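Structure first, then comments.
Note that the structure is predicted; figures quoted are calculated from it, not measured. Reminder, nothing fancy here: chain letters follow the sequence lines and each chain counts from 1.
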2 protein chains.
Amino acid sequence: MTQIEAARSGRVTEEVRAAAHQEGISADLLSREIASGHAVICANKNRKDRIPLAIGKGLSTKVNANIGTSRDMLDKGLEIQKAKVAIEAGAHTVMDLSTGGDLAGIRHAIMDVIHVPMGTVPIYEACARAVGKRKSFVELETDEIFEVIEEHALQGVDFVTVHCGVNRKAAAAMEGEGRVLDVVSRGGALTIEWMEFNKAENPLFAHFDRLLDIARKHDLILSLGDGFRPGCLADATDRSQITELVTLGELASRAMDAGVQVIIEGPGHVPLDQVQENIRLQKSLCHGAPFYVLGPLVTDVAAGWDHIAGAIGGALAAWAGADFLCYVTPAEHLKLPDEYDVREGVIASVIAAHAGDLAKGVKGAWERDLAMASARKSLDWETQIKSALDPEKSRRFRESNPPREDEGTCTMCGAFCAIRAVERAKKIREE
Amino acid sequence: MTQIEAARSGRVTEEVRAAAHQEGISADLLSREIASGHAVICANKNRKDRIPLAIGKGLSTKVNANIGTSRDMLDKGLEIQKAKVAIEAGAHTVMDLSTGGDLAGIRHAIMDVIHVPMGTVPIYEACARAVGKRKSFVELETDEIFEVIEEHALQGVDFVTVHCGVNRKAAAAMEGEGRVLDVVSRGGALTIEWMEFNKAENPLFAHFDRLLDIARKHDLILSLGDGFRPGCLADATDRSQITELVTLGELASRAMDAGVQVIIEGPGHVPLDQVQENIRLQKSLCHGAPFYVLGPLVTDVAAGWDHIAGAIGGALAAWAGADFLCYVTPAEHLKLPDEYDVREGVIASVIAAHAGDLAKGVKGAWERDLAMASARKSLDWETQIKSALDPEKSRRFRESNPPREDEGTCTMCGAFCAIRAVERAKKIREE
């Protein structure tokens, strides 16, 4: 039985119990959300040492960090380090998007050191294998693509991005409308090239039932990729993006009917005033399936600082109902991220997720901020540091520049401390 | 004649012409917005070498960087450097909030090297003088407070924060409701202490007409401070904050009637779901006067990363109509910012302002993003770097890790480049 089938049969699994405990909600409630497809739980049957994690309605917003080699930057040790840094900084999941080197070996090595759910994009490995066999990706057989997906499932990967909605209809919608930046999703673009070369429909769309069989067998979550996600603000919420989203909604229903857990992926580059509409549209078209957004980036010109553009969009998205934020690092659009970039990206997304959780009233979110506020009131610096999302940086900043005039204050205000002035005012009144 | 009086008389000043040109709008339109009080133009008569700048309705969102010494960190050279860094990073104005050292000298030195509008908080200097005279701030005479304000105006300061709304009524509202963090505005807290000690009304409220006389004489913009701005999410949009805001609206009307330009300051710490309401409330209560917000910070627990929490709130605020964002640096709540912190803070706010401008459709905002999108489509890296908000960091990142396999791509994707795949798909179709 898969998790969704167990939930529907009224059985509360061990994994659901653990994830519900972590969220501070009842296991029955979480089980109901999973049964309805409004939440998913990462629980591939082939992975033993993973901490179960639920993503979806009523739960805290989760953050994913993408790591992985490229053909230009091929250092397994660095990727393991990046995975560790990501989790230390607060990422809930890691996706290994490696495209260079021994991909199964890299995946294995990362899963050996981390215990959070792991995602992949199997089409990258299919593509890398084609190159290894000295042929082009477009010459890949359908069987070869499905083989890679099943291998990932067998290796214990919890969720896979599959670009099932990149079909001929959505491609035609893009052609008809015109775009500034066409397709920026790697899996999406490669699928379009494959369709064009083979004059055939996307195998992951044409043979979706075969994908469902693999997913159900291993309890692998399908994360339906958005190959037509906008790559710039001008392309946002256009005909091809929404045509694909309508298809993803149909496929999501088929997955749920088949007892397969499903997540929907979303944009991308979206102007601030379209972020909330994008979330609402997805929730409506996909019957409440969890939404996993990349950013969204609210401007195209923040290269070097896209983690901040992504945090702005991500916070708004989380508030509007997005369940899962894929981080963006300062290296986005410029290079493969290193450990520094990973840390910056995760923290920015964690702030966005938490801001969204405060606004949508997720259980436990406000307690944290109230603890900080009380510590500030009492000028209790140790509790302030411990209450911060990043205690290490808070401590380092405070200790790098300690106050001299009044140890209870900081070097910003010193004798001008507002808290102290209010304390004095209260004392005057009491006298 | 002040700028607002000139605008009302139908005369388009040289300063308005220059600022309108910079915005790419007609000088007549800007003049009308200034006449109605929906925009202000920084143009203190006593300052000769300042580039005029307009802030308000229909204009691009502006960013202010706070710099200045404290009694613990007293280095004039560092503050001059911080001012330069702020402007290089894109700040439109600088506020010198120095509280330690020779305050007039520091102000003078900063104004000597920068040509953007400058703001101050004169109450800090009044307070510092009291300490210099070995008395407490609360022993200051009303005349001493007004003297400092006039000195700042004479020195060419373009706008001053004056906490006129911190009156006994707003203080009573706070007492009646209770707050987690009382007052976190330094000027606000000192004013409350003064009122409590002297059992008297706030002189800047009681003698507001005297302030108007000074402002009109020098064409000094009054930035009405929000002494009761919330210092934590739990205190947001409460009775004392709104009581003060109602007063600020009344004072703004009096200022406009007197031919004095006025800006309203706003929060602070505000949950994401209350940011837009805060902006709309201000615009309504203050008859469309420009709104100058600090952050807003959408969580209390981002110490060390408050520039990101502030960028999230700032973007949302700018979209909703805030005209002027006061940056927040990573050092906020921990220490006085250094040059690194200033740069990080300004860039984060510039991204927020630009994201807001894109969403509210400010003239010229979209062109910039379209140029970047086109450069990405054509893999034109030089234009991408030049189109970025921070070309220096973009170049540094790209050059630190140049692609080897395909120079046109980057080390993130290399041979997996989506742009390249789409190019190939198009070629296949054309064949």
Using the test ring pair (Phe, Tyr, Trp, His ring centres under 6.0 Å), find all partners of A:His333 that sit at least two apart in sequence or belong to another chain.
-> A:His269
Region of B:Leu316 in contact with chain A, defined by heavy-atom distances below 4.5 Å = both
Any donor and acceptor pair, going by atom type alone, linking the side chain of B:Thr411 with main-chain N or O of A:Leu336 inside 3.5 Å?
-> yes
Are any of the side-chain nitrogens in A:Arg429 or B:Glu175 under 4.0 Å away from the carboxylate oxygens of its partner?
-> yes
Using a cut-off of under 4.5 Å on heavy-atom pairs, state which of A:Gly414, A:Cys413, A:Gly187 scores highest against chain B.
-> A:Cys413
Short side-chain donor-acceptor distance under 3.5 Å, A:Asp390 and B:Trp305 = yes
Return the option, out of B:Ala365, B:Cys232, B:Ala359, B:Gly313, with the maximum number of heavy-atom pairs under 4.5 Å with chain A.
-> B:Ala359
B:Lys199 versus chain A, the contacting section by heavy-atom distance below 4.5 Å | side chain
Looking only at A:Leu297, A:Asn401, A:Val422, A:Val298, most heavy-atom pairs under 4.5 Å shared with chain B are made by A:Asn401
Which atoms of B:Pro337 approach chain A - backbone, side chain, both or neither, heavy atom under 4.5 Å | side chain
Answer with side chain, backbone, both or neither: which region of A:Trp381 has an atom nearer than 4.5 Å to a non-hydrogen atom of chain B?
-> side chain
Portion of B:Ser394 that has a non-hydrogen atom of chain A nearer than 4.5 angstrom = both
Just by distance, do the side chain of A:Lys393 and the backbone of B:Gly304 share a donor-acceptor pair under 3.5 Å?
-> yes
Sort B:Leu190 into side chain, backbone, both or neither according to what part of it lies under 4.5 angstrom from a heavy atom of chain A.
-> both
Check: A:Asp72 side chain, B:Glu405 main-chain N or O, donor-acceptor pair, under 3.5 Å | yes
Side chain, backbone, both or neither: which part of B:Glu344 has an atom under 4.5 Å from a heavy atom of chain A?
-> both
Please examine the side chains of B:Met412 and A:Glu332, heavy atoms only from C-beta on, and report whether any two atoms are closer than 4.5 Å.
-> yes
B:Trp366 portion near chain A, given a 4.5 angstrom heavy-atom threshold = side chain
Identify the two heavy atoms, one from A:Ala234 and one from B:Leu370, that lie closest to each other, and give their separation to 0.1 Å.
-> CB-CD2, 3.7 Å
Any idea which of B:Ala415, B:Pro391, B:Pro330, B:Ser378 has the most non-hydrogen atom pairs under 4.5 angstrom with chain A?
-> B:Pro330
Minimum heavy-atom distance between A:Phe416 and B:Ala128, given as atom pair plus value = CZ-N, 4.1 Å
Hey, does the side chain of A:Asp300 reach the backbone of B:Met372 with a donor-acceptor pair shorter than 3.5 angstrom?
-> no
Proximity breakdown for B:Asp338 and chain A, heavy-atom pairs closer than 4.5 Å | neither
Chain A contact via B:Tyr124 - which portion, at a heavy-atom distance below 4.5 Å = both
Test item: B:Lys377 side-chain N/O and A:Leu181 main-chain N/O as donor-acceptor pair under 3.5 Å | no
With sequence neighbours excluded, residues passing side chain to side chain donor-acceptor pair (under 3.5 Å) with A:Arg404 = none
Which answer fits B:Ser400, side chain, backbone, both or neither, if we ask what part of it has an atom under 4.5 Å from a heavy atom of chain A?
-> side chain
When B:His307, B:Arg186, B:Met195 are compared by non-hydrogen pairs under 4.5 Å with chain A, the top option | B:Arg186
Is chain A contacted by the side chain of B:Gln384, its backbone, both, or neither, given a heavy-atom distance below 4.5 Å?
-> side chain
With a 4.5 Å heavy-atom cut-off, do B:Leu233 and A:Leu358 have their side chains touching?
-> yes
Most contacts with chain B, counted as non-hydrogen pairs under 4.5 angstrom, among A:Arg368, A:Arg71, A:Arg398, A:Arg420 = A:Arg71
Taking every non-hydrogen atom, the tightest pair across B:Ala418 and A:Ser185 | CB-O, 3.7 Å
Of the listed residues (B:Gln274, B:Arg424, B:Arg395, B:Glu431), which shares the most heavy-atom pairs with chain A below a 4.5 Å separation?
-> B:Arg424
Which one, A:Ala302, A:Ala388, A:Gly68, leads in non-hydrogen pairs under 4.5 Å with chain B?
-> A:Ala388
Comparing A:Val138, A:Ile419, A:Val131, A:Ile428 against chain B, the one with the most heavy-atom pairs below 4.5 Å turns out to be A:Ile428
Spacing of OG belonging to A:Ser349 relative to CD1 belonging to B:Ile308, to within rounding of 0.5 Å = 9.0 Å
Tell me, for B:Lys427 versus chain A, whether the close heavy atoms (under 4.5 Å) come from the side chain, the backbone, both or neither.
-> neither
Go through the atoms of A:Gln276 and report whether side chain, backbone, both or neither lie under 4.5 Å from a heavy atom of chain B.
-> side chain
Residue selection (most heavy-atom pairs with chain B, distance under 4.5 Å) from A:Ile347, A:Ile192, A:Val184 | A:Ile347
Where does B:Pro271 contact chain A at under 4.5 Å (heavy atoms): side chain, backbone, both or neither?
-> side chain
Would you name the heavy atoms of B:Leu272 and A:Ala315 that are closest together and state the gap between them?
-> CD2-O, 3.3 Å
Considering only heavy atoms and a distance below 4.5 Å, find which of B:His354, B:Arg396, B:Glu392, B:Lys360 pairs most often with chain A.
-> B:His354
